[in-house]
There are 4 protein chains.
Amino acid sequence: MAQNQSAPDATRRSERSRRAIYDAALALVAEAGYPKTTIEGIAARAGVGKQTIYRWWPSKADVLLEAFLDMAERAAEAAGHVAHALPDTGDLAADLRAVLRATVDELRDPAFEAPSRALAAEGLVNQELGRRFVAQLLEPQLQLYADRLRSAQRAGDVRPEVDPRIALELFVSPLAQRWLQHTGPITYDYTDTLVDYALNGLAPR
Amino acid sequence: MAQNQSAPDATRRSERSRRAIYDAALALVAEAGYPKTTIEGIAARAGVGKQTIYRWWPSKADVLLEAFLDMAERAAEAAGHVAHALPDTGDLAADLRAVLRATVDELRDPAFEAPSRALAAEGLVNQELGRRFVAQLLEPQLQLYADRLRSAQRAGDVRPEVDPRIALELFVSPLAQRWLQHTGPITYDYTDTLVDYALNGLAPR
Amino acid sequence: MAQNQSAPDATRRSERSRRAIYDAALALVAEAGYPKTTIEGIAARAGVGKQTIYRWWPSKADVLLEAFLDMAERAAEAAGHVAHALPDTGDLAADLRAVLRATVDELRDPAFEAPSRALAAEGLVNQELGRRFVAQLLEPQLQLYADRLRSAQRAGDVRPEVDPRIALELFVSPLAQRWLQHTGPITYDYTDTLVDYALNGLAPR
Amino acid sequence: MAQNQSAPDATRRSERSRRAIYDAALALVAEAGYPKTTIEGIAARAGVGKQTIYRWWPSKADVLLEAFLDMAERAAEAAGHVAHALPDTGDLAADLRAVLRATVDELRDPAFEAPSRALAAEGLVNQELGRRFVAQLLEPQLQLYADRLRSAQRAGDVRPEVDPRIALELFVSPLAQRWLQHTGPITYDYTDTLVDYALNGLAPR
DNA sequence: GCCTAAGCGAGACGGTACGTCCTGTCTTCCT
DNA sequence: AGGAAGACAGGACGTACCGTCTCGCTTAGGC
């Protein structure tokens, strides 16, 4: 339970600075790219001392991760607290197609693209950050798919012995890889096709 | 008669230095990690002047990419020039399971892991390197799967209207994502399951 | 009716804190040296908030000057309120030799050395502090010598046209310089010799 | 004989940078004062990387000491290699008065004042620098006085048992102290008086 | 005896400079 | 002409203090 030897007092933390740092970090990553974004640059743009960043975050990547999570949270609030579950109209294929199309749109949003690419990249090479990236951003999303697939299993649209956590990767991972590694175009056609191929494999024979 | 200022004469290049640089780069990435690997460090370890690196490569990532390709080539030579095609016994499922199991083994080889993770990460954020990473490393591998799937289509084991380039992603991308992002365990069971789920979706109904 | 913004109420001042700050400042200067002594360090060691120092002193040097004056005062009290005048036995040479020998002893006291060197050094470069250092520490001492020389003039041991304020420098300044700049050893022999040479120049011919 | 573990190669040193650093250091000390002169500031003004300073000097004070010595050397060259000895006309009092008057002029030269005060101050508190300050700047000057006094002893103008190294302090140290600590005005009258008082004490009786 | 205004401890804050490390360029000397 | 070596201008790193500020908490007098 003991805290780090010199843990700062979070109750005295300046909300103003935190927001300014989030904004600066996201803006710089979008404008200059992640590698050219520096802690000094963030501090200068936020009108903040460097120490204020080092006091609360251990690294540039952590700043960006928090800034991104905050942005996502604010976006969710603005959109009216969506995303607690995938749509469930009873038509699994249609639901997945709709959600993946929405994801395609999101992946193309430049405000989303730069920071999430950067975080993904950093997470590949930085064990600890990768763990948090997955736990806080990726896995919650994936669980929504798993939930929808379980519902489909109950409805008899997916074979009962299928592991939903693996099954969802059949359409999510290909999209992720195309986006991350530019291994192919990302279109509605593409995601529709993925759903088509994958569901065929999951449906009762 | 004047040469372009930045056109070194490749015929005079020191093979000895190149090899030493490859070895140093791979060793440092494996030992210290990609971010802590520096050009100065590579030069020092290789017993080479910094300029010798800057003369022949534009960046740290390019050094590593070449070093990795060289390593792969040497490994292939040592193994007797395999990997021009996937096995084709006529049993698609068995062939895919075997190849993916071999891939699982490879992904766990530490000498392979550190540099390829690093390159993948750099490629996410560095457009130009990403392009080369995909073109020189990833896509050639994927084409082998596409070829095997086309053979299966001719044999009637896969529906003819299926696009092999997309179909292969059903089992390759999930494995890639699990490996890159640590989103789940990587086992023979897992890859076998992927093949099972995916081929069901691709087989004639 | 409004008070000046920066006029703390001295009647409410914490004597406890002042003493702790004096002690901490002197201890740190003695242990770590003046340049490594910081206001934060003094505050921490004194168990005091930084603001308590900034409220009452304008700079590190001022803290130390006050601490040193306080120490000197306490030392004087402990010794029974000496030092209002030099001894005057009628034998000028003997009196000066005795006083300078006592000064030599004092200059070698480590508790005295560190802070007074530091203050002298700061005073060289900091006009304002230098003025106070001279006015509050140095000049009062020098006036005692001037008084003794005037007494000697009345007794006919020093030529009447000699300026005592200048004459005293003949033996005081050499000692000061040797001590401050380590330009030579500081011994009883040395100060005795100074008195000898100097008084020869001041005595009636 | 062994050099420090990572001694830079002095033969490759950039003369251009050294000169620029000297100039910048002296200018900044004169303009802003020693405490406000920073290594970053010197580097920026000299158009030089910070590392170039840290490579060749261990501290700000060392830069300034070398710059000052260089300036003194250049001034000496410009004046035609003077200062190997004090004038010796046979009239000791006149010679000393003349030299001290010249010193008074020098002490008032602002280009000389700022850096030498700063070095003296630093030397008080920094053992090692103080040693070099005395050895390289102060003591050589003082030896000239000692030589002149020895010559006077041979001529019978100074008692033979007088120690010249101590005797010279009778007029040099008072001037030094007045200058360093602003304990009194510095005028020709003052130095003439010092010579008068002091020589009286040194002359044969 | 209660109230209020100050000093106080603590420490977060915007800054500046530190001394180190690495980048990419350059120059020198060697082969 | 390539290569080993490494100095150079530049710039970010993470740390240490600066002097200011804002918090609760004593701790007096003044009512």
Side-chain angles (χ1 to χ4, degrees), chain A residues 6 8-14 16-17 20 35-44 46-56 58-60, chain B residues 3 6 8-14 16-18 20 36-41 43-44 46-56 58-60, chain C residues 3 7-14 16-17 20 36-44 46-56 58-60, chain D residues 6 8-14 16-17 20 35-44 46-56 58-60:
Chain A
S6 55
D9 179 348
T11 67
R12 301 202 136 181
R13 185 166 181 182
S14 161
R16 201 176 166 288
S17 295
K36 290 196 179 174
T37 297
T38 65
I39 294 207
E40 288 205 338
I42 295 172
V48 138
K50 276 203 289 180
Q51 199 56 48
T52 299
I53 298 184
Y54 285 110
R55 179 150 39 227
W56 301 110
S59 75
K60 172 173 76 159
Chain B
Q3 284 294 104
S6 57
D9 180 347
T11 65
R12 296 197 147 208
R13 185 169 182 182
S14 160
R16 199 176 167 290
S17 294
R18 173 158 56 188
K36 290 196 179 174
T37 298
T38 64
I39 295 214
E40 288 205 337
V48 138
K50 278 202 293 179
Q51 197 56 47
T52 300
I53 298 183
Y54 284 110
R55 179 153 34 230
W56 301 109
S59 75
K60 171 174 78 160
Chain C
Q3 283 295 103
D9 179 348
T11 66
R12 298 192 140 208
R13 185 169 183 181
S14 160
R16 201 176 165 288
S17 295
K36 290 196 177 173
T37 298
T38 66
I39 294 213
E40 289 205 338
I42 296 171
V48 138
K50 279 202 291 178
Q51 195 59 241
T52 300
I53 297 183
Y54 284 110
R55 181 153 33 231
W56 301 110
S59 74
K60 171 172 79 160
Chain D
S6 56
D9 179 348
T11 66
R12 302 200 130 183
R13 183 166 185 183
S14 161
R16 201 175 166 288
S17 294
K36 291 197 178 173
T37 297
T38 65
I39 294 207
E40 289 205 335
I42 295 171
V48 138
K50 277 203 288 180
Q51 199 56 49
T52 299
I53 297 184
Y54 285 109
R55 181 151 37 229
W56 301 109
S59 75
K60 172 173 78 159

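The sequence lines fix the lettering, A, B, ..., with proteins before strands; numbering per chain opens at 1. Quick caveat: nothing in here was measured; it's all calculated off a predicted structure.
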Which of the following nucleotides, E:dG9, E:dT25, F:dC8, is nearest to the side chain of B:Y54?
E:dT25
Heavy atoms from other residues, nucleotides or ligands near CZ of D:R16 exceed 12 (cutoff 6.0 Å):
no
Which nucleotide in the list F:dC13, F:dA7, E:dG7 gets nearest to the side chain of C:P8?
E:dG7
Check every strand shown and say whether C:G47 touches a base, only sugar-phosphate, or nothing at a heavy-atom separation below 4.0 Å.
sugar-phosphate
For B:A20 versus B:A46, what's the shortest heavy-atom pair and its separation?
O-CB, 3.5 Å
Quick check: on DNA chain F, is the nucleotide nearest A:P58 upstream (toward 5') of the one nearest D:A10, or the reverse? Name the residue that is more 5'.
D:A10
On DNA chain F, nearest-nucleotide positions of B:A46 versus D:T52: which is more 5'?
B:A46
Kindly say if B:T38 contacts the phosphate of E:dC21, meaning a side-chain N or O under 4.0 Å from OP1 or OP2.
no
From C-beta outward on D:K50, which listed nucleotide comes closest to its side chain: E:dC13, F:dG3, F:dA12?
F:dA12
Would one find a side-chain N or O of D:W56 under 4.0 angstrom from OP1 or OP2 of F:dA7?
no
Testing the basics here: between B:I39 and B:S59, what is the closest heavy-atom pair and its distance to 0.1 Å?
CD1-C, 4.4 Å
Nearest to the side chain of C:E40 - E:dC8, F:dC8, F:dC18?
F:dC18
Distance-only, no hydrogens or angles: does the A:K60 side chain make a donor-acceptor pair with backbone N or O of A:T37 under 3.5 Å?
yes
Nucleotides 28-31 of chain F: which of its N/O atoms have a protein N/O under 3.5 Å away?
residue : atom : partner : partner atom : Å
F:dA28  : N3   : C:R12   : NH2          : 3.4

Of E:dC13, F:dC17, F:dC8, the nucleotide closest to the side chain of A:Q51 is F:dC17
Side chain of B:R55, heavy atoms from C-beta onward: which of F:dG3, E:dG19, F:dG6 has the nearest atom to it?
F:dG3
